[in-house]
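What follows is a set of notes on a single structure, which appears directly below.
Please read these numbers as outputs of a predicted model, since none were measured by experiment. Excluded from the calculations below are hydrogen atoms, water molecules and symmetry mates; all remaining heavy atoms, backbone and side chain alike, are included.
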Amino acid sequence: MSDEIHVVYADVEALEANLATAAEAMDALGGRRRFELSPVVVAAHEALADRWDDRRNALVESLTAAADTLGQVAVAFRQVDDGLAESAPDIGGRVP
């Protein structure tokens with residue numbers, strides 16, 4: 001096992017964007033339809049819709065949190081890389 005960590009910023013940032021897009025899409029699924037059916041069916045539909053909204057909202061929150069975390073990870077790794085690059089000795093453009 002290697003002791004190295006290799007981070008491809010583009011991959012992390014793409015995953016962040018995909019999670020944010022998924023969160024937005026799930027959030028847009030809100031809304032209710034009204035049915036003119038028996039009160040029992042309407043009540044069952046409302047109960048199902050309430051559970052769906054609760055779970056959908058929890059999923060949106062989780063996706064958003066994951067996207068935010070990945071964004072912070074990308075920034076942190078980039079800052080560390082930049083700091084290491086600035087503190088590295090000048091070797092005349094050669095890679096050791």
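- In this view, Arg55 satisfies the salt bridge (charged side-chain N to carboxylate O under 4.0 Å, His left out) rule with no residue, not counting sequence neighbours.
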Requested in this report: For the pair Arg56 and Asp53, evaluate salt bridge (Lys or Arg N to Asp or Glu O under 4.0 Å) and give the outcome as yes or no after the intermediate values.
Outcome: CA-CA 5 Å; Arg56 182 180 50 79; Asp53 285 342; 3.1 Å; yes

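- The two atoms that bring Ala66 and Leu19 nearest to each other are CB-CD1, 3.8 Å, heavy atoms only.
- Leu48 forms part of no hydrophobic cluster, judged by ILVMFWY side-chain heavy-atom separations under 4.5 Å.
- The cluster map of Ile, Leu, Val, Met, Phe, Trp and Tyr, joined by side-chain heavy atoms under 4.5 Å apart, puts Leu63 and Leu29 in the same cluster.
- Note that CD of Glu16 and OG1 of Thr21 are 10.0 Å apart. Values are rounded to the nearest 0.5 Å.
- The CH2 atom of Trp52 sits 9.5 Å away from the CG atom of Asn57 when rounded to the nearest 0.5 Å.
- Of all the heavy atoms in Ala20 and Ala67, the pair that sits closest is N-CB, 3.9 Å.
- The two residues Val60 and Ala23 have their closest heavy-atom pair at CG2-O, 3.7 Å.
- Between the side chain of Ser87 and the backbone N or O of Leu84 there is at least one donor-acceptor pair closer than 3.5 Å.
- Checking each of Val12, Asp11, Val7 against Tyr9 for a side-chain contact (heavy atoms from CB on, under 4.5 Å) leaves exactly one that passes, namely Val7.
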Requested in this report: Mind running salt bridge (Lys or Arg N to Asp or Glu O under 4.0 Å) on Arg51 and Glu46 for me, showing each step along the way?
Outcome: CA-CA 9 Å; Arg51 287 192 309 275; Glu46 289 295 322; over 6 Å; no

